[in-house]
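For reference, the structure is listed below as structure tokens.
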Amino acid sequence: MTGHILLWISPHVLLALVAILMYQRRLYRDFPFFWVYTLYETCEFVLLYALISIRTVTGQQYTYAFLVTLVISISLRFGVIREVSDHLFRERPFLKEAARGSLQWTWALLVLAGIACAVFAPGEDGGRLIGGLAVINRGIGIVQCGLLVFLMCFARLLGLSWRGFAFGIALGVGVLSGIDIATYAIRAQLVDEGWMRTLNLFTTGSYLICSLIWLGYILAPESKTSVVTNVAGNEVDNWNRELHRWLSS
Amino acid sequence: MITAWIFVAIALFALALLTYFATRNRTHPAGIDGAISMIRSIDMEAFRNLVDPAEEEFLRCALSAKEFRVVKRKRAWAALAYVRCAGRAAVLFASAGQAAQRNSDPQIADSGMQIAHRALRLRLHTLQASLRLLGQVVLPGNGNRPLVSLIDEYEKTAQTLLRLGRLRNEQHV
């Protein structure tokens, strides 16, 4: 039990650290949604931990509080995805236009896939609150993870460099959503208590990994900028000339 | 229970993709020479010939329908190899342009921005062309839209680039 509580506490401590580091480095200006998300997750943990510690709070009351906080957390994650996507296209307005259509289509297809999964694979316990919630969360995981995989594919195909921390945020949220798909899919099918406990451990463990990813990316130096400063002027002209020559041949 | 395992498989696939992107998310600082030699290795005349609608029309008249499909498929594969090569070079140029964009010298930064902008456009064109060529591989008998418009696009882009280059040279003088 102590191990489980430690596993529950540690990612939130790391998230609080990420929030502090973001504040110190003024990164909250570039990523306000993610900053709010880290703060919110930390506060949410304090609230839920307090509720679980108070003996007078019933299980049902705790479940309702958990549900409300989960909805806000999911909404914030969508905001974070929007934020990293904007960051990717910030310096390339013409690409933003090109990507907008593709993103809208991807979004629509993923939402349809999520709904179809909920309708055609409702799970063993879909009629009850927790079972129904697992099915909805599984769908949301598909949308969020799908959007991030699409963005990364798009960036890779076009050779876009996604600078350090923005990529770290996208990676962390992607991993979190990917694991959500798997764990909520199993939750939707299984009602067994033993499995649920194992899944809880798995979820908190994966959250710890994501917190470490965010912390790692915020602490890692921006290696790409060191390359940038070494580009000589004549080299740039040379590249440009080669590109002109090839395009007009 | 099988449904749950299908979702687990989907999740694992997505996580594998994310891991791949995480390990490959690096710039290509030393790849410029490679890009230039890649661009030099592209024979534009041969490519133009491969996607020439007049040439295609000639083959359609000269060959039986079955032979034409076989030849067209081979030509589409060959053109696809050219386009892929150009696409890879465009990615390298885009990376280099983006790197130069963050240079402290405003002129280099400006040149970098222009290179990145044009290279990304070029990459978009090559992606579009790849899809169309793959379409020709799958359905060689169908009357596909000619890829000459793609070369026109390249040339228009080149004109803009040359104009920008000239403007910059005038500024230097």
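Because the structure is a prediction, the values reported are computed rather than measured. Chain naming here is simple, since letters A, B, ... match the order of the sequence lines and numbering starts at 1 in each.
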Given heavy-atom pairs under 4.5 angstrom as the criterion, report whether the side chain, backbone, both or neither of A/L157 touches chain B. both

So, taking the atom named [atom1] in [X] and the one named [atom2] in [Y], what distance separates them when rounded to the nearest 0.5 Å?
{"X": "A/C145", "Y": "B/L15", "atom1": "SG", "atom2": "CG", "answer": "6.5 Å"}
{"X": "B/Y20", "Y": "A/R156", "atom1": "OH", "atom2": "CZ", "answer": "4.5 Å"}
{"X": "A/F150", "Y": "B/L17", "atom1": "CZ", "atom2": "CG", "answer": "13.5 Å"}

Counting neighbours of [atom1] on [X] that are heavy atoms of other residues, nucleotides or ligands and sit closer than 6.0 Å, is the number greater than 12?
{"X": "A/Y207", "atom1": "OH", "result": "yes"}
{"X": "B/L131", "atom1": "CG", "result": "yes"}
{"X": "A/F202", "atom1": "CZ", "result": "no"}
{"X": "A/R82", "atom1": "CZ", "result": "no"}

Minimum heavy-atom separation for [X] to [Y], with atom names?
{"X": "A/F167", "Y": "B/F21", "result": "CZ-O, 3.6 Å"}
{"X": "A/V175", "Y": "B/L18", "result": "N-CD1, 3.6 Å"}
{"X": "A/I186", "Y": "B/A4", "result": "CA-CB, 4.2 Å"}
{"X": "B/F7", "Y": "A/I181", "result": "O-CG2, 3.8 Å"}

Tell me which of these, A/L171, A/T183, A/L148, has more heavy-atom pairs under 4.5 Å with chain B than the rest. A/L171

Select, from A/A170, A/G178, A/C153, the one with the greatest count of heavy-atom pairs under 4.5 Å involving chain B.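 Of A/A170, A/G178, A/C153, A/C153 has the most heavy-atom pairs under 4.5 Å with chain B.
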
Tell me which of these, B/A11, B/G87, B/A9, has more heavy-atom pairs under 4.5 Å with chain A than the rest. B/A11

